[in-house]
Amino acid sequence: MSSTSTPPATPGSGLPAAVFWDMDGTLVDTEPYWITAEHAIVEEAGGVWNDEYAHQLVGNDLMVSAEFIRDNSPVELDPVEIVEELLRRVVVQVREHVPWRPGAVELLEALGAAGVPNALVTMSWRSLADSVVSSLPEGTFAAVITGDEVEHGKPHPEPYLAAARALGVEVADCVAIEDSPTGVRSAVAAGVPTIAVPHVVPVPVTVGAVQVPSLRGITPTDLVSLFDGSRR
């Protein structure tokens with residue numbers, strides 16, 4: 001998929017200027033991969049992990065998650081080592097199978113055909129983001145912002161502001177798609193109209209965000225009309 005022959009969407013076209021995609025849980029159903037990796041690391045250190053802890057980490061900056069694992073388990077690796085070990089395990093699983101979320105690839109393709117640029121905005125690090133992006137046609141994402149390349153991770157607005165700068169667009173003209181409370185807070189704080197697609201954990205009702213149960217059947221124009229009630 002490539003949008004090189006299609007002019008970019010412009011304000012007033014009924015399309016967003018760009019779409020910013022979260023990755024884990026939104027584009028791909030990798031949260032179970034992360035939870036499996038967390039269980040393995042903790043249990044190999046002689047501890048016990050549980051899904052309550054795991055769900056607290058959904059959407060977090062990975063260094064924050066690593067500190068949480070250290071504080072709540074016998075794991076003695078330093079935080080960077082914990083992140084690298086988690087990533088290694090998740091990347092192995094992604095290379096075996098990329099678990100796309102319902103409707104995500106279809107929406108990406110439709111946005112590309114409509115000339116709307118996409119950016120990936122993920123708290124996963126570059127190694128995992130590249131493994132996912134390489135499974136898509138070249139040019140699917142015009143920018144990729146990863147957790148190891150920003151100073152402040154989600155829920156800070158920096159990742160989304162960085163995506164807007166990378167694409168040369170105004171945040172208010174774009175749409176973000178997220179699945180976690182942390183991610184929604186980040187996008188809304190950056191001033192991006194946000195669509196929440198709750199998955200592993202519930203997302204509280206948030207001013208500046210609307211919720212849909214799935215991306216299946218969502219079209220590029222829906223991404224704007226969802227915010228003004230005009231979707232038919």
Side-chain angles (χ1 to χ4, degrees), residues 1-9 15-34 36-37 58-59 62 86-150 153-154 159-160 162-169 174-180 183 186-187 192 194-197 199-200 212 214-224:
M1 178 182 66
S2 173
S3 59
T4 54
S5 62
T6 308
L15 295 169
V19 176
F20 303 146
W21 291 77
D22 172 56
M23 188 174 77
D24 297 288
T26 300
L27 178 62
V28 287
D29 191 8
T30 43
E31 295 299 354
Y33 291 179
W34 286 103
T36 296
V58 172
L62 288 181
L86 287 169
L87 283 166
R88 183 186 68 78
R89 293 168 186 258
V90 175
V91 166
V92 167
Q93 296 178 85
V94 165
R95 286 176 177 166
E96 292 176 355
H97 174 64
V98 182
W100 303 109
R101 293 285 292 138
V105 171
E106 293 83 355
L107 180 54
L108 275 172
E109 291 173 345
L111 288 165
V116 179
N118 293 282
L120 192 66
V121 185
T122 176
M123 287 299 91
S124 286
W125 288 10
R126 177 63 61 169
S127 60
L128 178 55
D130 284 349
S131 295
V132 171
V133 171
S134 66
S135 299
L136 292 163
E138 186 176 354
T140 296
F141 287 104
V144 176
I145 308 298
T146 60
D148 52 331
E149 297 171 352
V150 294
K154 301 174 187 178
Y160 282 101
R165 286 195 301 272
L167 296 185
V169 293
C174 301
V175 170
I177 306 176
E178 277 280 358
D179 75 299
S180 71
S186 173
V192 188
T194 303
I195 295 173
V197 192
H199 180 36
V200 173
V212 297
S214 170
L215 292 178
R216 189 181 282 114
I218 297 289
T219 69
T221 54
D222 288 336
L223 297 180
V224 172

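In what follows, residues are counted from 1 in the order of the sequence shown.
Going from atom CZ of Arg101 over to atom CZ of Arg216 covers 9.0 Å, rounded to the nearest 0.5 Å. Rounding to the nearest 0.5 angstrom, the gap separating the OG1 atom in Thr26 from the CG atom in Leu215 is 8.0 Å. The line from CZ of Arg88 to CD of Gln93 is 10.5 Å long, rounded to the nearest 0.5 Å. Distance check: Leu120 CG to Asp130 CG gives 9.5 Å after rounding to the nearest 0.5 Å. Of the inter-residue distances, the one linking Leu62 atom CG with Asp148 atom CG reads 8.5 Å to the nearest 0.5 angstrom.
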*In sequence, state the C-alpha distance, the side-chain angles, and the governing distance for Tyr160 and Cys174, and then conclude on side-chain contact (heavy atoms from CB on, under 4.5 Å).*
CA-CA 10 Å; Tyr160 282 101; Cys174 301; over 6 Å; no
How far apart are the C-alpha atoms of Leu128 and Trp34, what are their side-chain angles, what is the distance that settles it, and do they pass the side-chain contact (heavy atoms from CB on, under 4.5 Å) test? CA-CA 11 Å; Leu128 178 55; Trp34 286 103; 3.4 Å; yes
Please determine whether side-chain contact (heavy atoms from CB on, under 4.5 Å) holds for the pair Val169 and Phe20, giving the CA-CA distance in whole Å, both sets of side-chain angles, and the decisive distance to 0.1 Å.
CA-CA 11 Å; Val169 293; Phe20 303 146; 4.1 Å; yes
**Asked** Run the side-chain contact (heavy atoms from CB on, under 4.5 Å) check on Asp29 and His199 step by step: do they pass?
**Response** CA-CA 9 Å; Asp29 191 8; His199 180 36; 2.6 Å; yes
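The aromatic rings of Phe141 and Trp21 lie perpendicular to each other, with more than 60° between the two planes, well past the 30° mark.
Listed here is the closest heavy atom pair of Leu15 and Pro220: CD2-CB, 3.5 Å. Here the closest non-hydrogen pair linking Ser131 and Arg95 is OG-NE, 3.8 Å. The shortest heavy-atom contact between Thr140 and Asn118 is O-CB, 3.6 Å. Contact record, Pro16 with Val175: CB-CG2, 4.0 Å, taken as the closest heavy-atom pair. Across Ser127 and Leu87, no two heavy atoms sit closer than the pair OG-CD1, 4.0 Å. Considering every non-hydrogen atom in both Ala143 and Leu167, the closest pair reads CB-CD2, 3.9 Å.
Between Leu27 and Thr122, every side-chain heavy-atom pair lies at or beyond the 4.5 Å cut-off. The closest side-chain heavy-atom distance from Glu31 to Val58 is below 4.5 Å. Using a 4.5 Å heavy-atom cutoff, the side chains of Glu96 and Tyr33 are not in contact. Taking the side chain as every heavy atom from C-beta outward, Thr146 and Ser124 never approach each other to under 4.5 Å. At a threshold of 4.5 Å between non-hydrogen side-chain atoms, the residues Leu136 and Trp100 count as touching.
When atom types are taken as modelled, the side chain of Arg126 and the backbone of Val144 share a donor-acceptor pair closer than 3.5 angstrom.
Within the structure, the salt bridge (charged side-chain N to carboxylate O under 4.0 Å, His left out) test picks out no pair touching residues 113-122 (sequence neighbours left out).
Applying side-chain contact (heavy atoms from CB on, under 4.5 Å) to Thr221 and the options Val224, Thr219, Leu223 leaves one that passes, Thr219.
Ion pairing of Asp22 with Lys154 is present here, as a side-chain N (NZ or NE/NH1/NH2) and a carboxylate O approach within less than 4.0 Å.
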